[in-house]
There are 2 protein chains.
Amino acid sequence: MSASLPPIPEPHESLESPELLELGPSVEEQCLRADAARNRARLLEAAARLVAEHGAATLTMEAVAAAASVGKGTVFRRFGDRVGLLTALLDHSEKKFQAAFLGGPPPLGPGAPPVERLRAFGCASLRWSVEQLELQLAAERGPDRRYTPPPRLLRNGHLIMLLRQVVPDADCELLAQTLMGYLDPALVHHLTKNCGMPLDRLEAGWIDLVARLTRTDPPPTGLRIELAPAVEPPC
Amino acid sequence: MSASLPPIPEPHESLESPELLELGPSVEEQCLRADAARNRARLLEAAARLVAEHGAATLTMEAVAAAASVGKGTVFRRFGDRVGLLTALLDHSEKKFQAAFLGGPPPLGPGAPPVERLRAFGCASLRWSVEQLELQLAAERGPDRRYTPPPRLLRNGHLIMLLRQVVPDADCELLAQTLMGYLDPALVHHLTKNCGMPLDRLEAGWIDLVARLTRTDPPPTGLRIELAPAVEPPC
DNA sequence: CATTAAACGGACCTCGGTCCGGATTCTCAC
DNA sequence: GTGAGAATCCGGACCGAGGTCCGTTTAATG
């Protein structure tokens with residue numbers, strides 16, 4: 001019943017240093033044997049190409065293996081499962097986003113008042129989600145695991161920290177979950193694609209939501225929150 | 001590419017009469033040929049038994065077919081796919097819940113002030129979710145469809161209606177989605193099972209959330225909202 | 001170069017989902 | 001009643017994709 005493959009091939013190292021973060025080669029690329037590292041790179045490149053060509057939904061593991069001229073077992077050894085592979089594809093942009101709200105310039109990063117950072121965080125997250133919607137949806141984990149992966153915990157912790165500064169007497173864990181729920185990629189997809197809502201409306205909704213949850217006054221309307229370049233072009 | 005099986009075997013008739021609802025044999029049991037109806041009942045019974053014995057996560061379609069002494073194709077013809085079968089298992093209790101908030105006694109049903117109904121709705125939904133957590137999680141649809149099935153739309157519409165009465169100037173569609181997010185079974189599962197939060201805390205969080213979103217005063221604390229018998233014993 | 005731990009690859013398994021020839025039930029004329 | 005005829009349903013062989021296993025190969029170490 002147990003696999004011979006290592007159970008957690010990609011430790012997804014976040015949370016070792018909750019408020020610090022190192023970009024760069026990052027844990028998963030070092031400490032690998034030369035051939036393993038080479039194959040990992042090949043696989044990611046092949047997967048990215050196939051996703052770009054045919055979309056993430058129709059991506060099969062065998063196709064990735066074949067496109068990378070590698071055995072199927074190798075794909076699973078490296079990335080654990082399909083979701084792991086898709087997650088790895090998202091990882092780079094994910095790290096950039098984390099860096100932006102953990103240590104980047106205000107209002108997203110430290111330096112601005114907490115309510116303003118909350119507002120900026122939501123808008124940035126929305127814009128970032130919209131860019132990567134397809135991958136985000138394809139990389140979603142099952143219902144049991146959806147709330148536990150490190151990136152989610154990190155954002156959650158970030159929201160909790162900001163909320164504590166604004167509404168110290170509230171149940172900030174639950175408020176944070178509520179806010180996270182609003183940013184769920186699947187919801188964003190549904191509202192924009194199925195319901196035809198423009199992104200602006202979602203952003204306005206976020207601003208309003210923050211105001212209500214923190215019982216603060218909403219900022220003067222109409223001015224779009226300024227952030228660094230659209231959060232990052234895909235590559 | 002297209003199936004020979006009828007695409008929507010279980011029309012899930014809700015929303016024909018947005019505020020009315022008929023319990024009873026309900027559409028999916030009538031208009032079936034005798035053998036089909038018999039097999040449908042067999043399959044549901046077999047599935048329920050297997051879920052009770054081994055859990056919903058390990059349920060396989062072949063096992064259900066075998067346990068019902070029926071061919072595999074029959075299961076798929078009747079329920080469309082795995083999720084459809086699990087959804088059918090939930091359907092009965094789902095209908096009861098709908099009846100309770102659409103037409104049952106206050107504060108859940110009509111007759112109480114809207115804010116009170118909002119509070120009652122959340123608490124009822126939480127209690128109901130906890131009872132059926134396993135099935136709810138197993139019956140969850142993929143990211144693209146999670147927000148579209150009729151029961152979800154019905155609850156969503158209900159929340160929108162209540163919100164409009166309390167905060168007519170707000171973007172009630174988005175506020176409703178926010179509230180729905182808080183009630184997501186997967187989130188409830190995570191908070192109770194992974195984080196060890198007691199249900200009371202989630203309910204208090206809901207009460208607080210409603211108060212903040214509607215910018216109303218929270219009710220006097222401590223009194224548990226009274227509802228009909230724990231929403232319904234499983235069978 | 002020998003040794004060893006790690007990586008490789010593809011056959012293999014399971015399970016969800018599809019297909020279609022044949023069996024069953026319903027309808028309706030007689 | 002009853003006996004076509006038509007519509008529906010049945011069942012299990014079949015397929016594709018995710019995921020596993022294990023004998024073989026290969027890179028690191030000294």
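First the proteins, then the strands, lettered A, B, ... as listed; each starts at 1.
- Each of A/Leu162, A/Ile160, A/Asn156 was compared with A/His158 under the side-chain contact (heavy atoms from CB on, under 4.5 Å) criterion, and only A/Leu162 meets it.
- No donor-acceptor distance shorter than 3.5 angstrom exists from the side chain of B/Arg78 to the backbone of B/Leu43, with no hydrogens or angles considered.
- Using a 4.0 Å cut-off between a side-chain N of Lys or Arg and a carboxylate O of Asp or Glu, A/Glu45 and A/Arg49 do not qualify as a salt bridge.
- Going from atom CZ of A/Arg38 over to atom C1' of D/dA28 covers 15 Å, rounded to whole Å.
- Closest to the B/Ala36 side chain, of the nucleotides C/dC8, C/dG16, D/dC9, is D/dC9.
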Report the C-alpha distance between A/Arg40 and A/Val70 in whole Å, list the side-chain angles of each, state the deciding distance to 0.1 Å, and finish with yes or no for side-chain contact (heavy atoms from CB on, under 4.5 Å). CA-CA 10 Å; A/Arg40 189 187 130 88; A/Val70 141; over 6 Å; no
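- In this structure, B/Met61 places its CE atom 21 Å from P of D/dC14, rounding to the nearest Å.
- Taking the charged nitrogens against the carboxylate oxygens, A/Glu94 and A/Arg152 have no contact shorter than 4.0 Å, which rules out a salt bridge.
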Dot-bracket pairing map - DNA chain C, Watson-Crick plus G-U, both contacts under 3.5 Å, | cross-strand: ||||||||||||||||||||||||||||||
Give each protein N/O atom lying under 3.5 Å from an N/O atom of nucleotides 26-29 of chain C, with the pair distance.
from: C/dC26; atom 1: OP1; to: B/Ala34; atom 2: N; distance (Å): 3.0

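- Using a 4.0 Å cut-off on heavy atoms, the residues of residues 62-71 of chain B that approach DNA chain D are B/Val70, B/Gly71, listed by number.
- The distance from atom CZ of B/Arg78 to atom P of C/dG16 is 19 Å, rounded to the nearest whole Å.
- Comparing C/dG17, D/dG19, D/dG11 against the side chain of B/Arg82 picks out C/dG17 as the nearest.
- Close to D/dC10, at under 4.0 Å from its OP1 or OP2, lies a side-chain N or O of B/Asn39.
- For the pair A/Leu86 CG and D/dG18 C1', the computed distance is 13 Å after rounding to whole Å.
- Rounded to whole Å, atom P of C/dC19 lies 13 Å from atom CZ of B/Phe76.
- No contact: B/Leu85 has no heavy atom under 4.0 Å from any strand.
- Within the 3.5 Å criterion, the main-chain N or O of B/Leu118 finds a donor-acceptor partner in the side chain of B/Trp206.
- The main-chain N or O of B/Ala56 is found under 3.5 Å from a side-chain atom of B/Glu134 such that the two form a donor-acceptor pair.
- Distance, A/Phe79 CZ to D/dT20 P: 16 Å, rounded to whole Å.
- As rounded to whole Å, 13 Å separates atom C1' of D/dT24 from atom CZ of A/Arg77.
- Atom NZ of B/Lys72 and atom C1' of C/dG16 are 6 Å apart (whole Å).
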